[in-house]
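See below for the structure under consideration.
Letters go in sequence order (proteins before strands), and every chain restarts at 1. What you see below is based on every heavy atom in this structure, not just the backbone, and it leaves out hydrogens, waters and symmetry mates.
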There are 2 protein chains.
Amino acid sequence: MIALQGTFRALADPTRRDILVMLSREDMTVAGVSEHFEMTRAAVKKHLVVLEEGHLISVRRQGRETINKLRPQALKSAQDWLNHFSDFWDTHLDNLKSAVEAEGDDTK
Amino acid sequence: MIALQGTFRALADPTRRDILVMLSREDMTVAGVSEHFEMTRAAVKKHLVVLEEGHLISVRRQGRETINKLRPQALKSAQDWLNHFSDFWDTHLDNLKSAVEAEGDDTK
DNA sequence: TTGACATGATACTATTTGGTACCATTTAAG
DNA sequence: CTTAAATGGTACCAAATAGTATCATGTCAA
């Protein structure tokens, strides 16, 4: 199993989650990812390092570029951890049906 | 839908994930949760506040105790976000079957 | 009422984190 | 070879976070 700590830590930042969505469409270089954000390349690179430490992406040097590639296993591990609560959901979620659609929201 | 940012941020800490597991078995007071950790009650209380801000628990005052209760909707929202990558998994995970069971691990 | 107990809130410190600025390294191309 | 472009790495700063210590508040029980 993949280390959950690094994975959940990597998922905690909205920029990193956006990067994962981008990488789910196509592999991208550091510069390619950076184009979609207003922060510097170095900052984006740091996020990519965190994602790599969380096993969420793989990094491959190709010439002078580095290709960042989504790695689905860690995402699956995170989902598996959440699945441990499924029994709880089955038992108690039915009682909360009316509350589900009344959920408010704020930032993201 | 529930705000993902607060939810993922709350899930990023191992202490908080442990608290969620504990609460999946039974509702607990602040002191009850604190017994399972070596940090102070105040520190545990702070984690509980973060969990509440992430909509992962509900807090109810009962007499001089406060009952902390798991709230499954937010966990489900996080899982739903992860589900957005399912298409990617279906497409690419098969090619990685051999790599899945070769995953190393470190902390948690 | 008095006292013990559980909690909430605040102030303070140390650590982590997100970000920028800057420099070294590698590579493609003339 | 030389030069410019793309990238990686390090140093540094500001802000957020985790934790402790401490005190105030409310509540159960005698």
Nearest whole Å is fine: how far is [N] [atom2] from [X] [atom1]?
X: B:R60; N: D:dT27; atom1: CZ; atom2: P; result: 15 Å
X: A:R9; N: D:dA16; atom1: CZ; atom2: P; result: 17 Å
X: A:E38; N: C:dG18; atom1: CD; atom2: P; result: 18 Å
X: A:E35; N: D:dA5; atom1: CD; atom2: P; result: 16 Å
X: B:D13; N: C:dT17; atom1: CG; atom2: C1'; result: 14 Å
X: B:F8; N: D:dT17; atom1: CZ; atom2: P; result: 17 Å
X: A:E52; N: D:dG8; atom1: CD; atom2: C1'; result: 12 Å

Trace of the side chain to side chain contact (heavy atoms under 4.5 Å, CB included) decision for A:L23 with B:F85: CA-CA 10 Å; A:L23 293 181; B:F85 294 93; over 6 Å; no

Would you indicate, yes or no, if D:dT17 has its OP1 or OP2 atom less than 4.0 angstrom from a side-chain nitrogen or oxygen of B:H47? no

Can you tell me if the side-chain N/O atoms of A:T40 get under 4.0 Å from OP1 or OP2 in C:dT20?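 Checking A:T40 against C:dT20: at least one side-chain N or O falls below 4.0 Å of OP1 or OP2.
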
Start at the 5' end of DNA chain C and walk down; is the nucleotide closest to A:M39 or to A:Q62 reached first? A:M39

Take A:G63 and A:V50, find for each the nucleotide of DNA chain C with the closest heavy atom, and name the residue whose nucleotide sits nearer the 5' end.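 Result of the comparison: A:V50.
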
Can you find a pair of side-chain heavy atoms, one from A:L51 and one from A:V59, that are under 4.5 Å apart?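 The answer is no; the side chains never approach within 4.5 Å.
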
Please list, for nucleotides 6-10 of chain C, all pairs of protein and nucleotide N/O atoms separated by less than 3.5 Å.
residue: C:dT7; atom: OP1; partner: B:V30; partner atom: N; Å: 3.2
residue: C:dT7; atom: OP2; partner: B:A31; partner atom: N; Å: 2.8
residue: C:dG8; atom: OP2; partner: B:K45; partner atom: NZ; Å: 3.2

Exercise: identify the closest heavy-atom pair between B:G32 and B:M28: O-CE, 3.4 Å

Tell me the closest heavy-atom pair linking B:L11 and B:A78, and the distance in Å.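 Smallest heavy-atom distance, with atoms named: CD1-CB, 4.2 Å.
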
Shared ILVMFWY cluster between A:V30 and A:M22, side chains joined below 4.5 angstrom?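 A:V30 and A:M22: one cluster.
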
Using distance alone, with no hydrogens and no angle criterion, decide if B:E52 and B:N68 have a side-chain donor and acceptor under 3.5 Å apart. no

